[in-house]
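Have a look at the structure below, then the notes.
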Amino acid sequence: MSHNIRYYSTNRNLEGVPGIVPFRETVSFREALLQGQAPDEGLFMPHPIPELPLNDISALKGKSYTKAAMLVAKAFLEDEIPDRILEKIVVDSYNYPIPLEKVVNRKYLMRLDQGPTASFKDFAARMMARLMSHFRKEGTRLNVLVATSGDTGSAVGDAFKGVEGIDVYILYPSGEVSVRQKKQLDTIGDNVQAISVDGKFDDCQNLVKQAFSDPSLADLNLTSANSINFGRILPQIVYYVYAYSQLAGKREEIVFSVPSGNFGNALGCEYARRMGLPVKKLVMPTNENDEFPRFLAKGIYEKISPSKACLSSAMNVGHPSNLARFFDLYGGTVDRAGIVHRYPDMNEMGRRIFSVSVSDEETKETINRVHGRYGVLLEPHGAVGWRGLEIYLEQSGDFPLCVSLETAHPAKFPDEIRELLGIIPDLPVSMKDIDQREGGPFEMSAGYKNFKDYLQTHLKMRS
Ligand SMILES: *Cc1c(COP(=O)(O)O)cnc(C)c1O
């Protein structure tokens, strides 16, 4: 059965906006994956969104995660990848557990922290790496550049380690990553090179952006693995389908709570619902960067710049990059600068989505209380998710089946946990040897000329 799914740009209707030439064409998944974003700087959106029959979802009960991943991936990709290859990609990507932990009554915690770098970003990065390797042009090498302030770099680096035909260069600010993060980034090795830049995160991002737009580097097959790539969204649909299939009764509705920063994770749930999953409400709690809950309440969008530094640091985002996709799905348009060109259907958005800001104070209180009352250990991101769910349930007065997502392993935050609970969380198996790993970065100043020289002398173009 052919769906012929094509990918359009969220900026396609931005007629007469200075600096933007709307991209009116559509592309295949392969092109969307390898290009990352549309030529008009919009984000690629699949159309039509494939449907999953509820019977197929329910039939996953008791089955492995890879079966759920196959069902979702096939719905999008069956025209572009043979089943046999897709199956191998999925099986290679997901070789770690996905615990669904009962907290109380019908409220569960889904721990997405058991992958090799202990954050939920492993789910998307691992599958995207294998998809890129499959789709690259035969005989060529792809060179992936990533600027990171921590979690994304290690997830992407680890995911691409040993993947055929691809090399990865991770740029991080020398003074802005923790000792453990630096260790994670420097020691991946193999086809993944860490570059420690004497500058800030913004400098790293600028170097990468400049390299992408430099015509004299066009023959280096540069590509990006950042979070706006649809190849990172697709794998994040799977765990919602999986959790539902394992926990829900016949035709039952479910509430998911997703601690949110750039909204890529929550977008996976939004797509899952549109594919047919009976999601009653998508709860999207934020930390003190509250531009989205304020938007839902007031109907006016004001980004927060610079963003506020909160405990849940991976969610310190003042203008979520995937907001453009949410707007588009509800009939609106917002650009990269945060300017709204058309407002989405606010009634419909409010009916489907609940969002609330959770302060650092409440985050700590939640870690304490949930540990004391239920014996369940949360870290700051998961605590924002859990508190957001509690607030939603208090306001709705409802008792539905609920799943809140834990997006990182508590052992990544040893100081915060020790201070609050007086315990030191065990390292996950994947990180047990972290302090003994060996390897160092390439060190570089923040000037573009240096970086360009480095790329021209080190990068390989052929496999
Ligand atoms: C990236 C990240 C988030 C935020 O996810 P988005 O998809 O950007 O909303 C939340 N928690 C952790 C631990 C993360 O690394």
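Residue numbers start at 1 and run along the sequence shown. Indexing begins at 1, ligand by ligand and atom by atom, following the structure's order.
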Original post:
Do you know which of Asp328, Asp40, Thr26 makes side-chain hydrogen bond (donor to acceptor under 3.5 Å, both in side chains) with Arg12?
Top reply: Asp328
Subject >> Residue pair Arg325 / Asn322, side-chain donor-acceptor N/O under 3.5 Å >> reply: yes
Original post:
Has Arg274 got its NZ or CZ under 6.0 Å from the middle of the six-membered ring of Tyr330, at an angle within 45 degrees of the ring axis?
Top reply: yes
Subject >> Centroid separation His341 to Phe327 less than 6.0 Å >> reply: no
Are there any protein N or O atoms under 3.5 Å from the N or O atoms of ligand 1? List them with distances, or say none.
unit_1   : atom_1 : unit_2 : atom_2 : d
ligand 1 : 7 (O)  : Gly264 : N      : 3.1
ligand 1 : 7 (O)  : Asn265 : N      : 2.9
ligand 1 : 8 (O)  : Asn262 : N      : 2.7
ligand 1 : 9 (O)  : Gly261 : N      : 2.7
ligand 1 : 9 (O)  : Asn262 : N      : 3.2
ligand 1 : 9 (O)  : Phe263 : N      : 2.9
ligand 1 : 11 (N) : Thr407 : OG1    : 2.8
ligand 1 : 15 (O) : Lys121 : NZ     : 2.5
ligand 1 : 15 (O) : Asp151 : OD2    : 3.3

Original post:
Quick check, are the ring centers of Tyr65 and Tyr96 under 6.0 angstrom apart?
Top reply: no
Show me the donor-acceptor pairs, under 3.5 Å and distance only, between side chains in residues 348-358 and residues at least two apart or in other chains.
unit_1 : atom_1 : unit_2 : atom_2 : d
Glu348 : OE1    : Arg351 : NE     : 3.2
Glu348 : OE1    : Arg351 : NH2    : 3.3
Glu348 : OE2    : Arg352 : NE     : 3.3
Ser355 : OG     : Met284 : O      : 2.7
Ser357 : OG     : Asn287 : O      : 3.1

